[in-house]
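Below you'll find the structure, written out as structure tokens, and then a few comments.
Letters go in sequence order (proteins before strands), and every chain restarts at 1.
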Amino acid sequence: MKENKFEEIYEVVKLIPPGRVSSYGAIAEYLGSKRGARLVGWAMNALNNRSDIPAHRVLNKTGVLSGKNAFPHPNMMKEKLEAENLVIIDDKVQDLAEYFWDPNIELL
DNA sequence: AGACTGACTGGGA
DNA sequence: GTCCCAGCCAGTC
């Protein structure tokens, strides 16, 4: 249906509700590639100017802000998440299970 | 054209 | 419990 997986990734990321976070693996799995998590991260890195995509809501499975370094300022990701009532300690989201948003379940 | 890398993950040692 | 290896897709050297 989609022209390429990048578009699918972007759409899924855009669907992440405020105050929620998802993981690369979850999105990759939703796209059909369980091991394609790296591609998702790659897509985020390729965002560049697409501020319409809440890339800060995409974390690795452990809830660590692995991609914070790809933002204009490494603190930006943390601040954006904190602005959505998320608690981040040591670049890691607390109560991840409570905020985790899985497209395979939510978009079922 | 061939090989390496990267915002990842799960399984095996 | 920690470390290492293989698999995924696209872009770059």
Side-chain angles (χ1 to χ4, degrees):
Chain A
M1 314 309 197
K2 309 300 181 183
E3 296 182 352
N4 54 48
K5 304 209 170 183
F6 272 46
E7 291 301 319
E8 292 189 70
I9 293 170
Y10 298 148
E11 285 190 43
V12 175
V13 174
K14 281 192 291 187
L15 290 174
I16 301 174
R20 302 281 188 189
V21 293
S22 191
S23 73
Y24 306 99
I27 296 171
E29 189 174 71
Y30 180 73
L31 299 180
S33 304
K34 185 183 177 189
R35 298 295 168 109
R38 296 211 258 178
L39 175 64
V40 178
W42 223 98
M44 298 297 104
N45 188 20
L47 283 179
N48 236 337
N49 307 338
R50 309 211 174 232
S51 50
D52 291 33
I53 317 276
H56 60 274
R57 294 189 190 138
V58 185
L59 322 166
N60 62 11
K61 206 167 183 206
T62 59
V64 177
L65 283 53
S66 355
K68 67 182 162 81
N69 207 17
F71 285 79
H73 295 300
N75 286 16
M76 198 177 96
M77 192 174 189
K78 177 174 179 271
E79 290 182 15
K80 280 181 176 290
L81 291 172
E82 286 182 328
E84 299 186 356
N85 283 333
L86 288 167
V87 180
I88 294 144
I89 299 175
D90 192 29
D91 294 332
K92 183 162 46 181
V93 173
Q94 306 302 303
D95 300 314
L96 178 63
E98 188 176 344
Y99 299 112
F100 192 76
W101 182 85
D102 188 342
N104 300 292
I105 299 174
E106 308 292 341
L107 293 182
L108 187 58

Pairwise distance OG(A/Ser33) to CD1(A/Ile27) - rounded to 0.5 angstrom: 12.5 Å

Whichever of A/Lys34 and A/Phe6 has the more 5' nearest nucleotide on DNA chain C, that residue is A/Lys34

Side-chain ion pair, A/Asp91 and A/Lys68, N-O less than 4.0 Å: yes

Ion pair check, A/Glu84 and A/Lys80, cut-off under 4.0 Å: no

Is it the case that more than 12 heavy atoms not belonging to A/Asn85 sit under 6.0 Å from its CG atom? no

What interatomic distance, in whole Å, is found between P of C/dA6 and the corresponding atom of B/dA3? 16 Å

In the strands shown, is C/dC4 matched to any nucleotide by a Watson-Crick or G-U wobble pair with both distances under 3.5 Å, and which? B/dG11

Which residues within residues 94-108 of chain A lie with some heavy atom under 4.0 Å of an atom in DNA chain B? none

A/Ala28 near the nucleic acid: base, sugar-phosphate alone, or nothing, with a heavy-atom cut-off under 4.0 Å? nothing

Roughly how many Å is it from CG in A/Leu31 to P in C/dA10, rounded to a whole number? 11 Å

Side chains of A/Leu65 and A/Ile88: closer than 4.5 Å at any heavy-atom pair? yes

Main chain of A/Glu98, side chain of A/Asp95: is a donor-acceptor contact present, judged purely on distance under 3.5 Å? no

Look at the side chain of A/Ser33 and decide which nucleotide, out of C/dC8, B/dT9, B/dA7, has an atom nearest to it. C/dC8

For A/Asn45, report the nucleic acid contact type (base, sugar-phosphate, nothing); a contact means any heavy atom under 4.0 Å. base

Once you round it to whole Å, what is the distance between P of B/dG10 and CZ of A/Arg35? 7 Å

Write down the partner of C/dC9 under the Watson-Crick or G-U wobble criteria, each distance required to be under 3.5 Å. B/dG6

Tell me: OH of A/Tyr30 to P of B/dT9, nearest whole Å? 19 Å

Taking only the side-chain heavy atoms of A/Lys61 (C-beta and beyond), determine which of B/dA7, B/dG10, C/dG11 contains the nearest atom. B/dG10

Nearest-angstrom distance, P atom, C/dC13 to B/dA7: 15 Å

Look up atom CG in A/Leu81 and atom CE in A/Met76, then write down how far apart they are to the nearest 0.5 Å. 10.0 Å

Has A/Arg20 got a side-chain atom pairing as donor or acceptor with A/Trp101's backbone, closer than 3.5 angstrom? no

Between C/dC9 atom P and A/Tyr10 atom OH, what is the distance in whole Å? 16 Å

Value in whole Å for how far the P atom of C/dG11 lies from CZ of A/Arg38: 15 Å

Rounded to whole Å, the CD-P distance (A/Glu8 to C/dC9) equals 12 Å

Between P of C/dC8 and CG of A/Leu39, the distance in whole Å: 12 Å

Nucleotide C/dC8, atom P - distance to CD1 of A/Ile9 in whole Å: 16 Å

Out of C/dC8, B/dT9, C/dA10, which nucleotide sits closest to the side chain of A/Trp42? C/dA10

